[in-house]
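Heads up: numbering here begins at 1 and tracks the sequence. Just follow the structure's listing: the first ligand is 1, and inside any ligand the first atom is 1.
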Amino acid sequence: MYEPKKSDHFTFGLWTVGNIGRDPFGDPVRSPFSPEHIVENLSRLGAYGVNLHDNDLVPFDASLAQQDRIVKSFKSALEDHDMKVPMATTNLFTHPVFKEGAFTSNDPDVREFALKKTLRAIDLGAELGAGIYVFWGGREGAEVDASKQLPDGYKYFRDALNFLCSYVNDQGYDMKFALEAKPNEPRGHLFLPTTGAMLGFIATLDQPDMVGVNPEVAHETMAGLNFPHAVAQAIDAQKLFHVDLNDQEMNRFDQDFRFGSVQLKSNFFLVKLLEDIEYDGMRHFDAHAYRTEQEMGVWEFARGCMRTYLILREKVDKFNDDTEIQGMLSELQTESVNWDRIAAGYSSDKATELKAKNFDIDAMAERDFMYEKLDQLTVEIILGIR
Ligand code: GLT
Ligand code: MN
Ligand code: MN
């Protein structure tokens, strides 16, 4: 029942299960897996596909001939194991050339190089069939605010995205962009630190319809924010193009833990949001196994992400089918013809009427919303006793 199926649309990055457990204080603890090994094992576990950065597959300094060989072998592994590549992205953060930023670097040559690298990586993504292209600006930020006219950072980023949107159209690729926010790490401060900030920025682009967001559980949580609320805003703006599922303790470094390992209640409401709107994108896990694990632990980790999602999905069904809870909700979320009239739009008559209207404010203020009971029932659903 909790066995993942292709139709669940679970994906992992090559960099996630492929994480070798290096951290700022310690050397790698696992040997690297080949992309083909990852494809085979994720498929066996029931995943739908794998996502990648250009350099997860093709080394930074590979020749075009080497790239062709690598891509050919990868594609045949995808075919053999019925795996897709729904999302691709560019690594604009590992190489020292990006230490001061990529699209937002003060150095125009670096900005051009970042664009060149992304044009090629978009071609690679298109060749592999990716319909979503993610932008996570790992080095787009600053430690020293004296270093930049800060608004220039936003302008440079916009210039790059406008150029790239036009490139995608010019090539006729069926591809949309998804911007991923993070408040800090590896830079002291990253530009566009939250999903809400990204949504504001998208409205300033030349082709805003091509661009949405890729919110990540860990990143909003690092900033002390409520992740389901960030996703809800993206859904409201019709901008939820992709989602990075993982888990995270509040206000810590980017932990990228197994989905469902920390904030079960928030994860429940996240799954509920995605399932209630019948979100048709990928459920992508951007997480990695603890540094204590060897290969067995890596596949346990991957299985655990998917399994917990499916368990929470079942809890969501229980919540939605619970007659007591649904009875309370229909009492709480009352329809009102008066409100519908207001929501239908302004008129001066409506404003005049409203200014003259009398309300039973005491009765309104005395209302009991029953949220203690509602929340307890929710907790009991999650704990599995309802
Ligand atoms: C990196 C980062 C992730 C991004 C990936 C895409 S790479 O692991 O921490 O959150 O989604 O660039
Ligand atoms: Mn992360
Ligand atoms: Mn991510």
Give me the nearest non-hydrogen protein atom to [atom] as residue plus atom name, then the distance to 0.1 Å.
| atom | result |
| --- | --- |
| atom 1 (C) of ligand 1 | W136 CZ3, 3.8 Å |
| atom 8 (O) of ligand 1 | W15 NE1, 3.4 Å |
| atom 3 (C) of ligand 1 | D286 OD2, 2.9 Å |

The single option from V213, I202, V168 that satisfies side chain to side chain contact (heavy atoms under 4.5 Å, CB included) with F177 is V168

Just by distance, no angles: are the side chains of E140 and Y156 close enough, under 3.5 Å, to form a donor-acceptor pair? no

May I ask you to list the atoms of ligand 1 that are less than 4.0 angstrom from any heavy atom of [X]?
| X | value |
| --- | --- |
| E180 | 3 (C), 4 (C), 10 (O), 11 (O) |
| D254 | 9 (O) |
| H53 | 5 (C), 6 (C), 7 (S), 12 (O) |
| H219 | 10 (O) |
| D244 | 11 (O) |

Of the backbone and side-chain N, O or S atoms of D256, does one lie nearer to the Mn ion (ligand 3) than 2.8 Å? no

Any V134 heavy atom less than 4.0 Å to ligand 1: no

Would you check if V217 and F257 make a side-chain contact, meaning some heavy-atom pair closer than 4.5 Å? no

Using ring centroids (six-membered ring only for Trp), state whether H53 and F93 fall under 6.0 Å. yes

Please determine whether a side-chain nitrogen of the Lys or Arg among K72 and D68 lies less than 4.0 Å from a carboxylate oxygen of the Asp or Glu. no

Test item: D54 side-chain N/O and A121 main-chain N/O as donor-acceptor pair under 3.5 Å: no

Please check: side-chain N/O of S43 versus main-chain N/O of H81, any donor-acceptor pairing under 3.5 Å? yes

Geometry only, no angles: is E216 polar-contacting ligand 1 at N/O separations under 3.5 Å? yes

Give the atom name of whichever N/O/S atom in E180 sits closest to the Mn ion (ligand 3). OE2

Considering just N/O/S atoms, say which atom of D286 is closest to the Mn ion (ligand 3). OD2

OE1 (E216) to the Mn ion (ligand 3) to OD2 (D244) angle, given to the nearest 10 degrees: 110°

Plane angle bin for F10 and F285 - parallel if under 30°, tilted between 30 and 60°, otherwise perpendicular: tilted

Assess whether atom CZ of R120 is packed by more than 12 heavy atoms of other residues, nucleotides or ligands within 6.0 Å. no

